[in-house]
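Throughout, numbering of the chain's residues begins at 1 and tracks the sequence.
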Amino acid sequence: MIKASDKKLLVGLEIGTAKVATMIGEILPDGIVNVIGLGYCPSRGMDKGGVNNLESVIKCVQYSINQAELMAGCQISSVYLSLSGKHISCKNEIGMVPISEEEVTQSDVDNVVHIAKSVRVRDEHRILHVIPQDYAIDYQEGIKNPVGLSGVRMQAKVHLITCHNDMAKNIVKAVERCGLQVDQLIFSGLASSHAVLTEDERELGVCVVDLGGGTMDIAIYTAGALRHTKVIPYAGNVVTSDIAYAFGTPLSDAEIIKVRYGCALESLISKGENIEVPSVGGRPPRILQRHMLAEIIEPRYIELMMLVNKEILQLQSQLRQLNIKHHLAAGIVLTGGASLIDGLSACAQKVFHTQVRIASSINTNGVTDDIKRPHYSTVIGLLHYGKESHLNNEVDIEKGITIKGWIRKVNNWLKKEF
């Protein structure tokens with residue numbers, strides 16, 4: 001079995017509340033991510049993005065990794081790992097530096113970003129991501145790439161995503177116990193946005209919501225920049241729990257009923273349509289009307305969407321005061337396993353009063369069409385994030401090679417002269 005590093009493959013690992021998923025992908029010349037290995041395991045030992053039983057998580061990760069390695073025919077050594085949980089927080093910061101030469105160099109950009117991120121974060125927290133939003137040089141604002149432009153001083157606006165140190169350590173520990181290294185820890189909502197959003201949507205303004213089992217991961221973009229991230233610790237599992245209590249059926253059966261017969265909009269269900277509901281304690285199953293199921297599901301999904309809408313309205317108010325574009329002209333993009341329920345886009349439109357789409361992954365090929373479905377958005381997003389990091393590293397290496405080559409030429413010329 002060959003090693004993944006020998007083939008320059010990328011590996012994404014999502015350890016969620018509902019599932020553990022591993023994907024092994026290769027970058028094609030046209031930038032498409034081609035998935036050659038997939039591993040899947042129902043999750044045990046996780047709750048709302050946090051580890052509550054380390055041994056159970058390790059077993060799930062190992063099983064998922066083994067499946068992916070077997071399918072891809074390779075042995076992996078490191079992964080890009082997703083992270084979620086209500087401990088994730090964000091803040092927008094500004095840095096400013098004088099421009100050292102007549103025009104902006106990459107060194108100036110690195111310095112101003114470093115100044116912007118040099119802020120105090122909450123106790124026991126650390127910075128997970130530093131994402132530049134835009135730059136300003138003197139009186140010119142909204143610059144995306146300042147390198148080469150002239151000016152006296154430069155300002156950078158950045159979006160910082162932080163996480164709790166111990167929460168991050170626990171999930172990394174589960175991976176390392178399986179004999180793997182973590183290339184990078186990535187916020188799940190950021191990963192999902194890499195999988196499902198187009199550049200046009202980011203530019204127009206969009207909110208992507210990854211509806212998982214235990215959490216909703218939110219990422220909001222305006223004017224091409226990430227403005228806000230948030231994790232809400234309520235998602236698909238609360239809907240399943242409601243069904244279990246209302247119908248007196250086991251949680252495992254309630255989940256099956258939700259996926260198979262659930263609808264987030266009661267008006268879409270025709271009267272007289274029946275479903276069979278398993279009972280507990282060996283009692284015989286019962287026949288109930290399907291619209292009763294929708295009566296339970298619709299209010300809960302509306303409540304979840306209202307929590308998201310509250311975040312959007314708060315951010316828009318802040319951006320309006322700062323004279324930053326705040327409209328979400330591209331609307332709302334829903335993804336994740338809990339978005340796969342009939343009637344959700346229509347239900348969500350009642351709350352957001354804007355266009356809503358259920359998103360599958362883009363720019364991805366693979367072993368089966370199933371990988372493009374919403375419940376794999378996070379893990380595919382990890383591959384896309386890894387692809388960008390990989391390509392950026394190659395550019396840096398090429399720059400280094402070019403500089404070394406130039407120095408060698410100068411030295412050779414000096415030797416000839418003297």
Side-chain angles (χ1 to χ4, degrees), residues 11-21 43 45-54 57-58 61 78-93 113-114 116-133 158-178 180-195 207-221 225-235 307-308 311 315 336 377-379 381-386 388-389:
V11 184
L13 173 61
E14 176 196 5
I15 307 175
T17 305
K19 71 178 183 303
V20 176
S43 190
M46 293 289 294
D47 183 39
K48 300 184 186 300
V51 178
N52 61 20
N53 187 325
L54 185 61
V57 173
I58 291 168
V61 170
S78 62
V79 300
Y80 287 92
L81 177 64
S82 66
L83 180 68
S84 185
K86 62 181 180 181
H87 59 96
I88 301 281
S89 61
C90 74
K91 59 198 310 188
N92 296 311
E93 293 291 340
V113 169
H114 179 76
K117 74 175 184 179
S118 299
V119 295
R120 181 178 171 81
V121 297
R122 289 161 57 189
D123 289 342
E124 308 300 326
H125 277 63
R126 65 180 173 91
I127 293 174
L128 192 62
H129 298 285
V130 181
I131 303 166
Q133 295 172 327
V158 301
H159 184 73
L160 304 180
I161 302 176
T162 67
C163 67
H164 193 283
N165 237 331
D166 291 336
M167 293 288 205
K169 281 179 183 176
N170 287 336
I171 203 161
V172 169
K173 192 183 295 181
V175 176
E176 290 177 342
R177 290 277 183 90
C178 296
L180 300 170
Q181 289 182 321
V182 174
D183 289 322
Q184 194 173 343
L185 203 53
I186 299 154
F187 169 51
S188 298
L190 182 63
S192 297
S193 65
H194 275 70
C207 173
V208 59
V209 186
D210 189 330
L211 287 148
T215 62
M216 291 191 295
D217 300 329
I218 302 170
I220 303 175
Y221 293 81
L226 181 59
R227 305 291 176 183
H228 185 65
T229 46
K230 176 80 173 182
V231 177
I232 296 174
Y234 305 101
L307 291 172
V308 174
E311 291 292 323
L315 176 70
S377 292
T378 297
V379 70
L382 293 172
L383 296 182
H384 282 285
Y385 191 98
E388 290 180 15
S389 298

Check: More than 12 non-hydrogen atoms from neighbouring residues, nucleotides or ligands closer than 6.0 Å to NZ on Lys86, yes or no?
Finding: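 Open.
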Of all heavy-atom pairs between [X] and [Y], which one has the smallest distance, and what is that distance?
| X | Y | value |
| --- | --- | --- |
| Gly12 | Val379 | O-CG2, 3.4 Å |
| Val208 | Ser193 | CG1-CB, 3.8 Å |
| Ser82 | Ile15 | OG-N, 4.0 Å |
| Gly214 | Ala235 | C-CB, 3.9 Å |
| Val79 | Val175 | CG2-CG1, 3.9 Å |

Residues that [X] engages under side chain to side chain donor-acceptor pair (under 3.5 Å), provided they are two or more places apart:
| X | answer |
| --- | --- |
| Ser84 | Thr215, Asp217 |
| Ser89 | Thr162 |
| Asn92 | Gln133, His159 |
| Asn165 | Arg126 |

Measure the [atom1]-[atom2] distance between [X] and [Y] for me, rounded to the nearest 0.5 Å.
| X | Y | atom1 | atom2 | value |
| --- | --- | --- | --- | --- |
| Ile218 | Leu211 | CD1 | CG | 9.0 Å |
| Leu315 | Cys207 | CG | SG | 9.0 Å |
| Met167 | His125 | CE | NE2 | 8.5 Å |
| Leu190 | Leu83 | CG | CG | 11.5 Å |
| Phe187 | Thr229 | CZ | OG1 | 5.5 Å |

Which residues pass the side chain to side chain contact (heavy atoms under 4.5 Å, CB included) test with [X], sequence neighbours left out?
| X | value |
| --- | --- |
| Val130 | Val113, Lys117, Ile127, Val158, Leu160 |
| Gln184 | Tyr80, His129, Ile186, Tyr385, Ser389 |
| Asn170 | Val51, Lys173 |
| Ala18 | none |

Backbone of [Y] reached by a side-chain donor or acceptor of [X] within 3.5 Å:
| X | Y | answer |
| --- | --- | --- |
| His384 | Leu382 | no |
| His87 | His164 | yes |
| Ser78 | Asp183 | no |
| Thr17 | Lys48 | yes |

Next item on the list: Sort and list the pairs that fulfil salt bridge (charged side-chain N to carboxylate O under 4.0 Å, His left out) and have at least one residue in residues 11-20, not counting sequence neighbours.
Entry: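 Sorted result for residues 11-20: Glu14-Lys19.
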Margin query: Could you work out, with salt bridge (Lys or Arg N to Asp or Glu O under 4.0 Å) as the rule, every residue matching Arg122, not counting sequence neighbours?
Written below: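 So Arg122 forms no salt bridge (Lys or Arg N to Asp or Glu O under 4.0 Å) with any residue.
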Item checked: Residues which pass ring-ring contact (aromatic ring centres under 6.0 Å, His included) with His228, listed by chain and number, not counting sequence neighbours ->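 Listed in chain order: nothing, the list is empty.
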Next item on the list: Take Leu54 and Ile58, measure what side-chain contact (heavy atoms from CB on, under 4.5 Å) needs, and give me the verdict at the end.
Entry: CA-CA 6 Å; Leu54 185 61; Ile58 291 168; 3.9 Å; yes
Checklist line | Stepwise side-chain contact (heavy atoms from CB on, under 4.5 Å) test for Leu226 and Ile161 | finding: CA-CA 11 Å; Leu226 181 59; Ile161 302 176; 4.2 Å; yes
Next item on the list: In sequence, state the C-alpha distance, the side-chain angles, and the governing distance for Ile220 and Lys230, and then conclude on side-chain contact (heavy atoms from CB on, under 4.5 Å).
Entry: CA-CA 9 Å; Ile220 303 175; Lys230 176 80 173 182; over 6 Å; no
Margin query: Between Thr378 and Asp210, is there a side-chain donor-acceptor contact under 3.5 Å, judged purely by atom types and distance?
Written below: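 Asp210 vs Thr378: donor-acceptor pair found between side chains.
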